[in-house]
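In this chain, numbering begins with 1 at the start of the sequence shown. In each ligand, atom 1 is the first atom listed, and ligand 1 is the first ligand listed. This is a predicted model, so every value here is computed, not measured.
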Amino acid sequence: MVKLTFYGGVREIGGNKILLEDDKGKLFLDFGYPYSKYRTYYEEYLKPRAGAGLLDPLVMGLLPRLEGIYRADLETESLWQQFRQAGHHRKLEGIDGILLTHAHLDHSGHISFLREDIPVYATAATAFIAKAIQDSGKADFDQQVCYFTPRVEECLKGWKQGAYFAGGGGDCQRRFAVADKSGLSQEARDFWEEGTRQKKLASQPLDDISNCSFNLRCFPVDHSIPGACAWGIETSSGWVIYSGDLRLHGREGRFTESTIKEAAQLRPRALILEGTNVDKVANVAEDEVYKSALKAISDARGLVIADFSARDVNRLLTFLQVARDTKRKLAILPKDAYLLKTMRLLEPEIPALNEEDALVIYQETTASRSPAAWLRNIYQEFANKIVLAKDVRSNQDDFILCFSFFDLNELPSIQPRAGSLYVFSSSEPHNEEQEMDFRRLHNWLDRFALHGFGLPAEKNGKWEIPEEEKGLHASGHACGPDLLRVAREIQPEMLIPVHSEKPEFYVDNLGGRGIDIVLPTEGGTIEI
Ligand SMILES: [Zn+2]
């Protein structure tokens with residue numbers, strides 16, 4: 001008997017944590033950060049105490065109470081006593097690995113809490129993006145997916161024992177096993193084992209997925225980040241397919257198409273399928289984004305700011321093409337340059353920064369006196385590519401700046417000319433906090449007399465992009481009709497919807513078609 005237990009991703013978008021148990025072993029399908037659960041209790045200035053280790057997330061229901069799977073350095077001796085008698089506690093040992101589908105934190109973020117000897121299975125691109133994001137990120141405690149600094153309990157002078165601090169012994173790398181290890185260059189392997197923070201890294205060379213106790217299939221799919229995959233797991237009840245996040249309308253839609261065919265051939269027992277955009281009836285394709293952006297930017301006078309996620313490398317390449325076509329230069333942030341450089345280790349068709357005339361790197365105005373190693377390396381390697389606020393200010397017609405809301409602080413240094421363009425190429429606000437950010441964004445645009453394009457605005461309490469300015473964002477998720485096609489063509493015996501606020505969509509639209517649709521419950525188990 002195979003058991004699937006859903007510790008996250010139930011009636012929420014993201015936070016997927018699905019435990020698969022079989023005689024052959026135990027696997028987690030993703031181990032994501034549950035943004036909506038965090039928002040129930042926390043905000044920017046009220047966060048779980050990093051120094052409290054596992055206590056806060058366990059008490060607040062952000063992490064499943066599974067004794068035995070978490071990092072020992074985050075546990076106090078008495079930590080589990082209080083949970084053993086309480087509900088939802090379980091001792092769980094001998095996890096064979098995490099099957100990670102892609103490097104978005106709502107799928108990967110909580111890996112940071114797990115024991116370092118539990119291997120993470122992924123594509124090489126997912127592993128590398130996760131490391132590049134972590135290397136160049138803010139080192140937030142709960143984003144330590146690839147490596148972490150073990151904590152030690154210390155007794156400060158005059159304090160009682162019980163406070164936790166980051167240890168000084170260096171970083172500890174997780175064991176990653178990648179599906180496409182054989183083609184990796186030496187340079188790529190070196191990147192993986194290299195410590196790029198100030199601390200030393202106890203590295204773990206990349207392993208191969210063939211060492212897993214399960215027979216696994218890694219199926220590439222298209223999503224809004226490179227390297228995304230679905231997983232096939234051969235269990236004693238038959239094949240289980242886990243979709244991760246996917247779409248058919250993106251530039252790599254053919255990946256998803258061939259995954260559907262190959263998964264169908266396995267005649268799967270169960271398909272665990274995402275349902276983020278079940279409500280949408282159509283998609284915007286990436287080519288359409290290119291056309292809409294080109295149209296908006298061709299007529300622009302003054303500076304152009306493009307707001308999109310640079311981790312969506314396809315989108316970055318779309319705007320690079322627009323920059324070439326409009327004779328502007330695309331100015332990206334150092335962390336985006338680092339990600340592009342990292343991706344090029346795996347995909348030689350990604351443009352080389354040094355050889356691409358239309359790409360430059362924007363150096364933030366208030367830099368640190370002692371930048372981290374990865375940043376120092378970027379500044380050194382691409383010294384002739386660096387532009388400063390004053391360069392942009394004096395040649396505003398020459399640039400498309402890749403900024404998001406959180407980079408607006410550079411505008412007082414740049415002083416964009418009135419009438420400059422702000423192109424929004426990302427998703428609408430999904431919660432109150434994001435709505436507040438959008439109000440602020442509109443205020444920034446007013447302050448500098450910038451012209452917004454494709455920007456959601458509030459109308460009768462709803463945030464919508466003006467009709468004539470749509471077509472600037474291709475979602476990472478398939479729309480409802482496409483999702484139904486995925487389910488019908490794979491034709492599993494059982495369909496389990498996750499990563500959706502409306503899983504009933506599948507019951508309403510696929511019921512009675514020979515697929516048994518089972519809705520998971522939080523913490524509940526489905527036997528297959
Ligand atoms: Zn995703």
Name of the Asp245 atom (N/O/S only) found closest to the Zn ion (ligand 1): OD2

Reference residue Glu286; test side-chain hydrogen bond (donor to acceptor under 3.5 Å, both in side chains); the match among Arg315, Arg251, His249: Arg315

The Zn ion (ligand 1) reached by His477 (N, O or S, under 2.8 Å): no

The Zn ion (ligand 1) contact by His104, N, O or S atom under 2.8 Å: yes

Phe405 six-ring face occupied by Arg440 cation (under 6.0 Å, within 45°): no

Cation over ring face, Lys17 and Phe31, 6.0 Å, 45°: yes

Proximity of Tyr422 and Phe453 rings by center, below 6.0 Å: no

